[in-house]
There are 2 protein chains.
Amino acid sequence: MPKVGMEPMRRKALVDAALRVIGDHGSLSVTMSEIAKQAGVSPALAHHYFGSKEQLLIETIRSLLKQLRDDAVTALKAARTPREKLSAVIRVSFHADQFAPQTIAAWLAFYAEAQRSEETRRFLVIYARRLRSNLVANLKPLCPADVAEHIAEGVAAMIDGLYIRQSLGSTRVGAEASIALTEDYVTIQLREAAR
Amino acid sequence: MPKVGMEPMRRKALVDAALRVIGDHGSLSVTMSEIAKQAGVSPALAHHYFGSKEQLLIETIRSLLKQLRDDAVTALKAARTPREKLSAVIRVSFHADQFAPQTIAAWLAFYAEAQRSEETRRFLVIYARRLRSNLVANLKPLCPADVAEHIAEGVAAMIDGLYIRQSLGSTRVGAEASIALTEDYVTIQLREAAR
DNA sequence: TTTTATTGATTGATCAGTCAATCAACATTA
DNA sequence: TAATGTTGATTGACTGATCAATCAATAAAA
């Protein structure tokens, strides 16, 4: 055979290329040709390994999600107290990689795609649940359970909102300001709950 | 068949049809045929009046934005105090029409499109600015100017975030809860600022 | 008759997906 | 060692479908 064991490398290269092309293009309306070209292989090979464009896109979002989860796990492990862990969750969301214009554009494209693709929606729902669960778990030691759920919804909405506003590129709210805004929300809500 | 003076009616019918099709489809990847069919005319007529698909889509988002502005103007006129006006702005954002799954899907599609289309981005930036400006103007009588800007960013982010989360359909946060969450944010932030 | 509205038919471009053919490493065999 | 068969990797060329856009033709109103 030729260079045996190419498959894992090619798959990774194609998924990475897809992410880059989608981010640049700002849309899932990208061609297999573009992706393959970016990965340095023929379009036919992309089909050979992934079967269909949809499958390649699914793998791409899966990889995006995995990256985010890995970052979160690492950050959570480094934090000690619940309050520190909350800050860690927030910081991960606005971490440079995640907050890069290309990455934000890709997320946005996937949100739009979720309107049509059941599988894409499943992945995004998983992300939403995980974020919520991380927040609630670390809020519960600091306030009553129902308040924790309330704050968690607010924080999650604020994070997603800062993301989408960033995608327009019209706001002066950068990563640091976004973190500050979210932290501030948590702090004040917790203070209020402690009364 | 042709009665003279059809143009304004056809244009409106086509724009409305486009909005409906985009909302249903959850994407701007809709065909002129679909839109024309929905409007009860031939695809050729859509081209006759709008010149291109892009132009029709531009008119469509313009109409969506106009609806939102008109609602906001009406609601603001009915409110007396700054605090009431803030509530009015929030309520308009989550008003039934705006919060309908189809409408949310359409907004999301336009946000994605803004990554590529300069003109679409312009429209969305106008919306973002108007929301921010409405908020800041009515916050300033209630707190220092810099705090007003800070709170406005937070509120705007929360509104957009609640929107995008709604688009996934996975959350139990409905319109009422969304309004409550946002109102709560304003109230607590203002209380904090008053200390 | 002239102007406006409207459409069916057509075109040209774009793409996802298919397929038969080629290539290069390895194993086997003589 | 050298020839040969085997198989995964890879591609160019092709197909079928889709769609935006065009245009010539028709119908009605002015």
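Each chain gets a letter, A, B and so on, in the order the sequences are listed, and its residues count up from 1. Note: hydrogens, waters and symmetry copies are ignored here, and every other heavy atom, side chains too, is used.
- In this structure, the CG atom of Leu56(B) is 15 Å from the C1' atom of dC19(D), given to the nearest Å.
- Between the NE2 atom of His48(B) and the P atom of dT3(C) there is a distance of 15 Å, given to the nearest Å.
- Heavy atoms of Phe50(A) sit nowhere under 4.0 angstrom from any nucleic acid atom.
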Give the C-alpha distance, both sets of side-chain angles, the deciding distance and a yes or no for side chain to side chain donor-acceptor pair (under 3.5 Å) between Gln67(B) and Asp97(B).
-> CA-CA 10 Å; Gln67(B) 182 61 48; Asp97(B) 295 343; 5.1 Å; no
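- Leu65(B) and Val125(B) sit in two unconnected hydrophobic clusters of ILVMFWY residues. Membership requires side-chain heavy atoms under 4.5 Å apart, directly or through other members.
- Tyr49(A) has its OH atom 10 Å from the P atom of dT11(D), to the nearest Å.
- To the nearest angstrom, P of dC19(D) lies 15 Å from CG of Leu28(B).
- When rounded to the nearest whole Å, the span between CG of Leu14(B) and P of dT7(C) equals 10 Å.
- Ion pairing between Arg10(A) and Glu7(A) fails under the 4.0 Å rule for side-chain N and carboxylate O.
- The pair Glu149(B)-Arg132(B) meets the salt-bridge criterion, with a side-chain N (NZ, NE, NH1 or NH2) lying under 4.0 Å from an Asp/Glu carboxylate O.
- Bending across the helix from dT1(C)-dA30(D) to dA30(C)-dT1(D), expressed as the angle between its end axes from five pairs apiece, amounts to 20° (10° rounding).
- Rounded to the nearest 0.5 Å, atoms CG (Asp160(B)) and CG (Leu162(A)) are 9.0 Å apart.
- If you take NE2 of His47(B) and P of dA21(D), they are 4 Å apart, rounded to a whole angstrom.
- Residue pairs meeting the side-chain hydrogen bond (donor to acceptor under 3.5 Å, both in side chains) criterion with at least one partner in residues 74-96 of chain B, sequence neighbours excluded, are Arg83(B)-Ser87(B), Arg83(B)-Glu183(B), Arg83(B)-Thr187(B), Ser87(B)-Glu183(B).
- Between Asp24(A) and Arg20(A), none of the side-chain N atoms (NZ, or NE/NH1/NH2) sits under 4.0 Å from a carboxylate O, so this pair counts as no salt bridge.
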Produce the list of close N/O pairs, under 3.5 Å, pairing protein atoms with atoms of nucleotides 8-15 of chain C; give distances to one decimal.
none

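- If you measure from atom CZ of Arg11(B) to atom C1' of dA5(C), you get 14 Å, rounded to the nearest angstrom.
- Under a cutoff of 6.0 Å and an axis angle of 45°, Arg62(B) and Phe123(B) do not form a cation-pi pair.
- Taking the centre of each ring, Phe99(A) and Trp107(A) stay at or above the 6.0 Å mark.
- The CD atom of Glu7(A) sits 17 Å away from the P atom of dT7(D) (whole-angstrom rounding).
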